[in-house]
*Asks:* 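This structure is in structure tokens; I'll ask about it shortly.
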Amino acid sequence: MLLLEASLAQSIVDRTMQILHANVNVMDARGVIIASGDAARIGSPHEGAMMVLAQERTIEIDDALARRLHDARPGINLPLRAEGGIVGVIGLSGEPDAIRQFAELLRMAAETMIEQARLMQIIARDARLREELVLQLIGAAAPAPALEEWARQLGVDPACQRVALLLEPDPAVADAAAQLAGQQRLLRVLAAEPGILCAPVSLREVVALLPVSAAPDVAKHLRTRAEALLARLQRDGQVALRLALGGVFPGSAGLARSYQSARSVLRLGRQRGGAFHCYADQTLAVLLAGLNEGWQADELRRPLQRLSQHDRDGQLRHTLAAWFAHDMKSAAAARALGVHRNTLDYRLRRLGELSGLDLARLDDCLLLFIALQLDAAGPA
């Protein structure tokens, strides 16, 4: 049964008294006045309301009946119904013959406001339940049958494959209230997008679950939708956002893994800059990020550290990164660097000497490549 709250009751009183210019009281299901145009009466029992509740009908109080009741005044008291039951009573003060034509309109207006408040509560409750469902789905190694049933009750297809998209607002906004307001605006926009489930992970992050379509190129389709969403958010005023799109993984644990991959992509995105980052573009860097601590990481970084001791201006490191970016094809790397092919060959020989590795060997190239990836990722 709906609980009639004092704030809603006082809103009913204030709005109706602006039109009727007569005192209005609202009583709860116990017959206690919880809102009134006469503030001194709030908290007092109302005998007329108790009669309404007991007899479940409208009660008119004239002068004669008012004198027999405690602290009663002439007026009409009507039951307020919601969800199939009586949730309270509304009373209009005045001689019954003079106010009878307004009393039923008063009840209808009050019940309409109560119904609107009830619907808003349902919408807010469902939104909160959907948010909690999202958080459960991204944290579940394998969704339990109870979680799948919960999803169905909320109109969410648990069999639909989804991918995680993390959104991080402008880090320059330090005020918590401003961050919360911005996050609420972001959630409203996301909730309006068809097929998207969303929830706040923290004050700084929001996760959106995008349905995976049967398009021939799934990765391209998801990238296009994420970029379109970013453009939409920027048009709506969310100008400083960073988006990280996770990977698409099969199986019951796929969504949780997608979320974890999106988190790793977001960490890399913070270091590399830019507004949009995708697991499909940074798969190796994300996977290698798991090696970013312990003695193994120290050993993997050692060749690059030896190089850095003799590469104060970073020229050789930049050359190495360009060479790897062009699949170790010297002609393409030289063009990208704007240097002669011989200059590139000299730098690569020098790089091998300083690092102690042979760039003609695949294993040594792989060590340097991993060292670059770990260094770019920063601390774990």
Side-chain angles (χ1 to χ4, degrees), residues 127 130-131 133-140 151 156-173 179 182-251 253-289 376-377:
R130 289 169 78 87
E131 288 179 357
L133 174 65
V134 169
L135 297 178
Q136 293 290 330
L137 289 173
I138 62 176
V156 176
D157 182 5
C160 175
Q161 188 178 21
R162 298 178 184 274
V163 63
L165 176 71
L166 270 176
L167 302 94
E168 183 179 59
D170 184 2
V173 179
Q179 288 183 11
Q183 185 181 86
Q184 292 302 313
R185 289 195 301 272
L186 178 58
L187 288 168
R188 283 195 294 271
V189 174
L190 291 173
E193 289 287 319
I196 289 183
L197 302 174
C198 58
V201 179
S202 68
L203 197 58
R204 299 288 313 130
E205 293 178 7
V206 169
V207 63
L209 305 183
L210 279 60
V212 177
S213 71
D217 190 341
V218 173
K220 182 179 179 180
H221 175 79
L222 288 170
R223 183 200 308 274
T224 300
R225 181 164 192 190
E227 289 175 338
L229 180 60
L230 175 60
R232 161 83 183 280
L233 292 168
Q234 289 173 335
R235 287 196 304 271
D236 287 355
Q238 297 277 357
V239 291
L241 274 176
R242 183 175 291 111
L243 273 62
L245 181 64
V248 179
F249 300 98
L255 184 53
R257 186 166 295 179
S258 178
Y259 170 65
Q260 293 299 326
S261 68
R263 290 188 65 192
S264 296
V265 170
L266 184 60
R267 283 195 294 268
L268 288 173
R270 292 190 191 112
Q271 292 148 6
R272 297 181 177 184
F276 179 70
H277 303 272
C278 180
Y279 174 78
D281 297 334
Q282 305 176 40
T283 302
L284 186 56
V286 170
L287 296 177
L288 289 176

*Asks:* Evaluate the side-chain contact (heavy atoms from CB on, under 4.5 Å) criterion for residues V265 and L245: first the C-alpha distance (whole Å), next the side-chain angles of each, then the deciding distance (0.1 Å), finally the verdict.
*Replies:* CA-CA 7 Å; V265 170; L245 181 64; over 6 Å; no

*Asks:* Kindly indicate, with the supporting measurements, whether the criterion side-chain contact (heavy atoms from CB on, under 4.5 Å) is fulfilled by E131 and L187.
*Replies:* CA-CA 10 Å; E131 288 179 357; L187 288 168; 4.0 Å; yes

*Asks:* Between CG of L186 and CG of L233, what distance do you get to the nearest 0.5 Å?
*Replies:* 5.5 Å

*Asks:* Look only at the side chain of S258 and the backbone of G246, and say whether a donor-acceptor pair between them is shorter than 3.5 Å.
*Replies:* no

*Asks:* Let me confirm one number: the CD-CZ distance from E168 to R267, rounded to the nearest 0.5 Å.
*Replies:* 11.5 Å

*Asks:* Checking side-chain contact (heavy atoms from CB on, under 4.5 Å) between C198 and each of L167, L190, V134, which is the one that passes?
*Replies:* L190

*Asks:* I need the Q179 CD to Q183 CD distance, nearest 0.5 Å.
*Replies:* 8.5 Å

*Asks:* Side chains of R223 and K220, heavy atoms from C-beta outward: is any pair under 4.5 Å?
*Replies:* no

*Asks:* Could you go step by step and tell me if L137 and R162 meet the side-chain contact (heavy atoms from CB on, under 4.5 Å) rule?
*Replies:* CA-CA 10 Å; L137 289 173; R162 298 178 184 274; 5.8 Å; no

*Asks:* Hey, could you give me the CG/CD1 distance between L197 and I138, rounded to the nearest 0.5 Å?
*Replies:* 11.0 Å

*Asks:* Before you tell me yes or no, could you show the steps for L229 and I196 under side-chain contact (heavy atoms from CB on, under 4.5 Å), namely the whole-Å CA-CA distance, both residues' side-chain angles and the distance that decides it to 0.1 Å?
*Replies:* CA-CA 11 Å; L229 180 60; I196 289 183; 4.3 Å; yes

*Asks:* So, taking the atom named CG in L166 and the one named CZ in R204, what distance separates them when rounded to the nearest 0.5 Å?
*Replies:* 12.5 Å

*Asks:* Drop me the distance from L287's CG to S261's OG, to the nearest 0.5 angstrom.
*Replies:* 9.0 Å

*Asks:* Would you say that V201 contacts Y259 through its side chain, given a criterion of any heavy-atom pair below 4.5 Å between the two side chains?
*Replies:* yes

*Asks:* Please answer whether the main-chain N or O of F249 pairs with a side-chain N or O of Q161 as donor and acceptor at a distance below 3.5 Å.
*Replies:* yes

